[in-house]
Amino acid sequence: MKNQTKSKRIAVIGAGWAGCAAAATLCRQGHHVTLIEASRHLGGRARAVDIQEKKIDNGQHILLGAYSACLELMRFVKIDLRSALLRLPLQMVYPKQTGIEFCTAKLPAPLHLFSALLTSKGLSRADKMALARFSTTARWIDWKLNHNCTVSELLQRYEQTENLCCHIWNPLCIAALNTPPERASAQVFLNVLRDSLGAKRAASDMLIPRFDLSRLLPEACANLVRECGGEVVLGVSIQSITAHSSNQCSLVPLHVEQTDGQAQIADQRFDGVIIATGAEQAKRLFSSALSADQIGSDTQATSVKSILDTTFQYEAITTCYLQYAASCRLDRPFYALADNPNQHAWAQFIFDRGQLDTHQAGLMAVVISASAAAIAQPSSELIKAVCDQLAQQLQSEELKRPIWSQVITEKRATFACSPNLLRPTNRTEITNIMLAGDYTASDYPATLESAVRSGILAAQAFK
C-alpha cells in the first residue's frame with residue numbers, strides 16, 4: 001500500500017543508534033530527513049574505531065534474540081542477519097577451573113531451561129531448585145513487582161543461593177543493566193528476563209556481532225537516508241533550536257542553528273526535530289527551544305515526563321582489547337569469567353574476536369561492566385590485572401603477554417538503572433520536538449534495543 005503520509009522536513013540531531021533508527025523510520029514514512037552528527041563518525045556510543053590497523057568497536061556488545069526492533073530494522077535496511085550475527089543459545093560457561101556451565105538447548109520454551117538445569121555443571125541440587133523456583137515464581141507473578149527494589153533484594157527474597165547469585169544472576173544483571181545488583185532495578189531486570197527467558201526459545205539466544213557496529217546498522221541507515229533524497233551531515237554541532245510561531249495546529253517550523261555557517265543547515269526550516277543526543281546535551285538543546293513564542297497545546301504533552309526534570313547518574317563500560325598470535329584461540333567464542341571481590345579490575349567476559357571475524361585472529365575483547373573502579377587505576381595496571389586474571393582462569397601463560405593492548409572506556413556508557421528511576425517520554429512540551437535515546441521511558445535498560453525502540457517511537461509521532 002502506498003504511504004499516504006504527507007511528507008515533512010524532519011531534522012534528526014545525533015546519529016547514534018537511536019538517531020539512525022529514527023531517520024530510517026522517517027524515510028520509511030516518506031519524510032525528507034536531515035541527519036546531523038557532531039562527530040565525523042556514525043554510531044554514537046556503539047561504533048567502529050580504527051586501532052592498530054584494525055577496525056574494532058569502541059566496546060564489545062552482545063544482542064539478544066528478544067531485540068525485535070533491532071532485528072526488524074536491520075532486515076529493513078538489508079543487513080544479512082546470518083552473516084552479521086553469530087547466534088548462540090543462552091549460556092553462562094566459565095573456564096574449566098571454575099567448572100560452572102549453564103547452556104540452554106534448542107528445545108521449545110520452557111523445556112530449553114529445564115534441559116539446561118538438568119545438564120548444567122557446577123550447580124548443586126540446591127542451586128537448581130532455587131533457579132527453578134525463581135523462574136516459576138517470576139512467571140506466576142507475570143514478571144511484575146508490586147513494589148520495586150534492587151536486584152540483590154529480589155534475589156534474597158526468593159532465596160537464591162550464593163553460587164547462583166555469583167555465577168548466574170549477578171553477571172546477567174551487570175551485563176544487561178550495567179549496574180551492580182545492589183543498586184540495580186529489579187523490575188527492569190525482570191523485564192529483560194521476561195522477554196528472553198520467559199518468551200520463546202529463540203528470544204533468549206545471544207547474538208554476537210561479526211561486523212563492526214557502525215556497519216551493523218548506522219551506515220546502512222545513513223545510506224537509506226541518502227537514497228531517499230535526504231542529507232547526512234557529519235561534523236556539525238547543533239548549538240540551539242529556535243521554535244517559530246505559526247498558524248499550523250501542531251507543527252511549528254523549526255530553525256536549527258549552528259556556528260560554522262554551513263548553509264546546508266542554517267538556511268533550512270524543519271517541520272519537526274528529533275533530538276537523539278545524550279541526555280545532557282538533549283536537555284541543553286531543548287532548553288534553548290523553550291524560549292519560543294509558542295509552545296504546543298497537545299494534550300499528550302501535559303503528561304510528559306520532561307527531560308528537564310530528569311537527573312541521571314552514569315556507569316562506565318571498559319573493553320580491553322588484547323592482541324595475541326593468530327594461533328591463540330579459545331575453546332568457544334566467549335567465556336564468562338569468575339568474580340573476585342578483592343580485585344577492582346576483574347572482568348566479566350572474554351570474547352575471541354577471531355571466531356567472529358577471521359581477519360581478527362588472536363584478538364581478544366575483555367569486558368568490564370560498571371567499570372568505575374577499574375578505570376581509576378592506570379591503563380598499564382589494568383591490562384596487567386586483566387591478563388593475570390585470564391592466565392589464571394584459562395590456565396594459559398600466553399595470555400599474560402599480549403603483542404599489543406588497547407583500553408577503551410565509555411565513561412557514560414549507560415545511565416545507572418536504579419529502582420523507580422523516572423525517565424522522560426519521547427514527547428516534549430513542544431509538540432514537534434521529540435526525544436530519542438536509550439534513556440527515554442522504556443521497560444528496558446540502556447541497550448541498543450531501547451535506543452532503536454526510542455528512535456522508532458519518536459519518528460512515529462510524525463506520521
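Since the model is a prediction, treat every value here as computed from it, not as a measurement.
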Checking side-chain polar atoms at under 3.5 Å, does Glu429 have a donor or acceptor matched by the opposite partner on Ser306? yes

Residue pair Thr318 / Thr409, side-chain donor-acceptor N/O under 3.5 Å: yes

Thinking salt bridges, do Glu219 and Lys55 make one under a 4.0 Å N-O criterion? no

Please name all residues satisfying side chain to side chain contact (heavy atoms under 4.5 Å, CB included) with Ser135, sequence neighbours left out, ordered by chain then number. Leu113, Arg139

Do Asp438 and Thr414 have a side chain donor and acceptor closer than 3.5 Å? no

Can you list the residues that meet the ring-ring contact (aromatic ring centres under 6.0 Å, His included) rule with Phe351, with sequence neighbours excluded? Phe334

Ignoring hydrogens, what is the shortest heavy-atom contact between Arg157 and Cys149? Give both atom names and the distance. NH2-SG, 3.5 Å

If we check side chain to side chain contact (heavy atoms under 4.5 Å, CB included) with Leu35, which of these qualifies: Ile13, Val12, Ile10? Val12

Got a salt bridge between Arg183 and Glu315, using NZ or NE/NH1/NH2 to carboxylate O under 4.0 Å? yes

Is it true that, when you exclude Gln156 itself, more than 12 heavy atoms of the residues, nucleotides or ligands shown sit nearer than 6.0 Å to its CD? no

Residues passing the salt bridge (charged side-chain N to carboxylate O under 4.0 Å, His left out) test with Arg87, sequence neighbours excluded, are Asp205

Has the side chain of Gln97 got a donor or acceptor atom that lies under 3.5 Å from a matching backbone atom of Gln395? no

Examine the side chains of Ser454 and Thr440 and answer whether a donor and an acceptor come within less than 3.5 Å of each other. yes

Which atom names give the shortest non-hydrogen contact between Glu398 and Tyr324, and what distance separates them? O-CE2, 3.3 Å

Taking 4.0 angstrom as the limit, do Glu381 and Lys384 come out as a salt bridge? no

Check whether any side-chain N or O of Asp127 sits under 3.5 Å from a backbone N or O of Ser124 as a donor-acceptor pair, and report yes or no. yes

